[in-house]
Chemist: 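Dropping the structure in here first, questions after.
Values reported hereafter were calculated over all heavy atoms of this structure, with side chains retained and with hydrogens, waters and symmetry mates removed.
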Amino acid sequence: MTDERWLHALGQELARHRLTPDLTHHVVAEAAAHLRDSGQPALRAFGTPQGYAAAVVESLASQHRPPRRPPGRVRLRASQITKRYGRRTVLGPTDLTVRAGEVAAIVGANGCGKSTFLRICAGLLSPDSGEVVVDGVLGYCPQNGGTYDFLLPEEHFVLVGAGRGLDRARSRRLGRSGAATLQWEPARDTQARHLSGGTRQKLNLVMAALGDPDVLLLDEPYQGFDRGAYLDFWQHVWRWRDEGRAIVVVTHLLNQLDQVDQVLDLTPGTREAAA
Amino acid sequence: MKLLTVAEMALRELSRRRGVLVLLLALPLVCYLVRHDQVGQSIRFLLLGLAWAVSTTALFASGTSRHIEPRLRLSGYRSHHLYLGRLVAMWLLGLAVSTPFFALIAVDHAGEVRLGALAAAMVLAVTVAAPFGLLIGAVVPRELEGALILLVTISLQMMIDPADSLTRLTPFWSSREIGTYAIDYTGPEYLVRGLTHGIVVTLLATALVAVLSTIRLRTRPHLRYAPR
């Protein structure tokens, strides 16, 4: 990897970590100056761009976290949700309250009811008891499926956009710009069945967010994403949060949990929402 | 607008399944050719093949959409946008498939059949078959079971004695009656009976699809939206 490519990759990584453009430029310029002065190749001097960016971000984290708006009104309140399949209790009494401008992560082992809880919150599945109150428009991204094999991405945007009351041109524009923020440019002639698993999930995610829903329910939407797309996904989440949306993400990846506002652990015995 | 968007996307999706389109045309054609030496039988079989092809397509279209419709409901669609949109798509597709067969018979048996009545029989076959296929799809969520139910229905329709009163309970009896009117130059009572039967079956199947879809895609009572 040439130094130029390394510096470019560093800039992209820093942007994914949400460093401001000025700060990104400053860090890249400092690294370039160091390389020039030392004459060392970038990989030997700093390691991988990803690793160096992570180290820089970590050292700056305490000083450069973007200012947060205070959470707004309650957008989603799930109270005393329970669910059984036959004799098996999938969900014990579970509560979750998410306000505008908050991100809640639902975590837990496989089979502990994470997707079931999200489907109940979306109204796609009935609980045995409890209720869900939603203030605003819901957007839902399923774990898999949710697309038509033989339709093009743009046709999916038009289909969902029509449901949201958007005209075709606006649906396509919003879909394309949503895709671009996930580093994806939908080809005009590629049907959904020909998309890779990760790209298909990007399509799913863009569809869920189309029309600016107030509450976003995301069921492990990053499956199949590469590392870059995964980071871009979380940047999306932070941006939606800053825009005042309430977001619930089902996840089993724990490395972003320190940045979410609350964690609902559905592992049996730990049914608590930790702020 | 929403209904038409659903119909458009259903048609776009189907139009890209080239294998399905070929088979959709091949099924009635085979039914027609296998009894080509007998005018009446070949046309009756073609009508049945047409109904079979359209209802099977509707069944599979219903299965394809089953996992996507909940998210479309959340995206602002009402249940009726979804099932009526799909129904309109199946009707349009069925009419498109019927047209070359109508032209084929018009050329093949010019002057031997009442072409106007034949067109009515084809339209009615498609009209009944689309909601019937959607109904099977709504009742039986698994496609294999649905396909087998359709196979049983069509087999029954093919094998049952036309004089048997039970034949009126079969879904595609209407096109047979109108077919008889068109081919055998019978009295108008055949046309009236066929039209009545076809309209009743269409309305009944559509109503059942509406009820089942509305139940499946209903907003669950535990979910309340705060007043805005």
Chemist: For the residue pair A:Phe150 and B:Arg16, what are the closest heavy atoms and their distance?
Modeler: O-NH1, 2.8 Å
Chemist: Would you find more than 12 non-hydrogen atoms of other residues, nucleotides or ligands less than 6.0 Å from B:Arg35 atom CZ?
Modeler: yes
Chemist: For a side-chain contact (heavy atoms from CB on, under 4.5 Å) check, start with the C-alpha distance between A:Leu159 and B:Thr5, then their side-chain angles and the critical distance, and finish with the verdict.
Modeler: CA-CA 7 Å; A:Leu159 183 61; B:Thr5 305; 4.1 Å; yes
Chemist: Nearest heavy-atom pair of A:Val160 and B:Ser75: which atoms, and what distance?
Modeler: CG1-OG, 3.8 Å
Chemist: Please state whether the side chain, the backbone, both or neither of A:Leu152 comes within less than 4.5 Å of a heavy atom of chain B.
Modeler: both
Chemist: List the steps and the verdict of side-chain hydrogen bond (donor to acceptor under 3.5 Å, both in side chains) for B:Ser65 and A:Tyr148.
Modeler: CA-CA 8 Å; B:Ser65 305; A:Tyr148 283 104; 3.3 Å; yes
Chemist: Considering non-hydrogen atoms only, spot the tightest contact between B:Lys2 and A:Gly163 and give its length.
Modeler: NZ-O, 3.4 Å
Chemist: Count the heavy atoms of every other residue, nucleotide or ligand shown that sit under 6.0 Å from CZ of A:Arg176, and state whether that count exceeds 12.
Modeler: yes
Chemist: By a 4.5 Å heavy-atom criterion (distance strictly below it), what part of A:Asn204 contacts chain B: side chain, backbone, both, or neither?
Modeler: both
Chemist: Considering all heavy atoms of both residues, which atom of B:Leu74 and which atom of A:Ala122 are nearest to each other, and what is their separation?
Modeler: CD2-O, 3.4 Å
Chemist: Would you say that B:Arg71 contacts A:Leu124 through its side chain, given a criterion of any heavy-atom pair below 4.5 Å between the two side chains?
Modeler: no
Chemist: Could you tell me if the side chain of B:Met9 sits less than 4.5 Å from the side chain of A:Val158, heavy atoms only?
Modeler: yes
Chemist: Any idea which of A:Ala208, A:Gly136, A:Gly139, A:Gly165 has the most non-hydrogen atom pairs under 4.5 angstrom with chain B?
Modeler: A:Gly136
Chemist: Output the option from B:Arg218, B:Arg216, B:Glu8, B:Met1 having the highest count of non-hydrogen pairs under 4.5 Å with chain A.
Modeler: B:Glu8
Chemist: Please report the shortest heavy-atom distance between B:His222 and A:Pro127, naming the atom on each side.
Modeler: ND1-CD, 3.0 Å
Chemist: Is there a side-chain contact between B:Arg12 and A:Leu151 (heavy atoms, below 4.5 Å)?
Modeler: yes
Chemist: Heavy-atom distances under 4.5 Å only: say whether A:Arg77 touches chain B with side chain, backbone, both or neither.
Modeler: neither
Chemist: Highest number of heavy-atom pairs under 4.5 Å with chain B: which of A:His156, A:Glu155, A:Arg119?
Modeler: A:Glu155
Chemist: Are any side-chain N or O atoms of A:Arg164 and backbone N or O atoms of B:Gly76, one a donor and one an acceptor, separated by less than 3.5 Å?
Modeler: no
Chemist: Less than 4.5 Å to any heavy atom of chain B: does that hold for the side chain of A:Ala78, its backbone, both, or neither?
Modeler: neither
Chemist: Between A:Ile81, A:Ile120, A:Val137, A:Val74, which shows the greatest number of heavy-atom pairs under 4.5 Å with chain B?
Modeler: A:Ile120
Chemist: Output the option from A:Pro142, A:Cys141, A:Gly130, A:Gly211 having the highest count of non-hydrogen pairs under 4.5 Å with chain B.
Modeler: A:Pro142
Chemist: Using every non-hydrogen atom in the two residues, find where A:Leu138 and B:Leu223 come nearest and quote the distance to one decimal.
Modeler: CD1-CD2, 4.4 Å
Chemist: Is atom NE2 of B:His36 surrounded by more than 12 heavy atoms (other residues, nucleotides or ligands) closer than 6.0 Å?
Modeler: yes
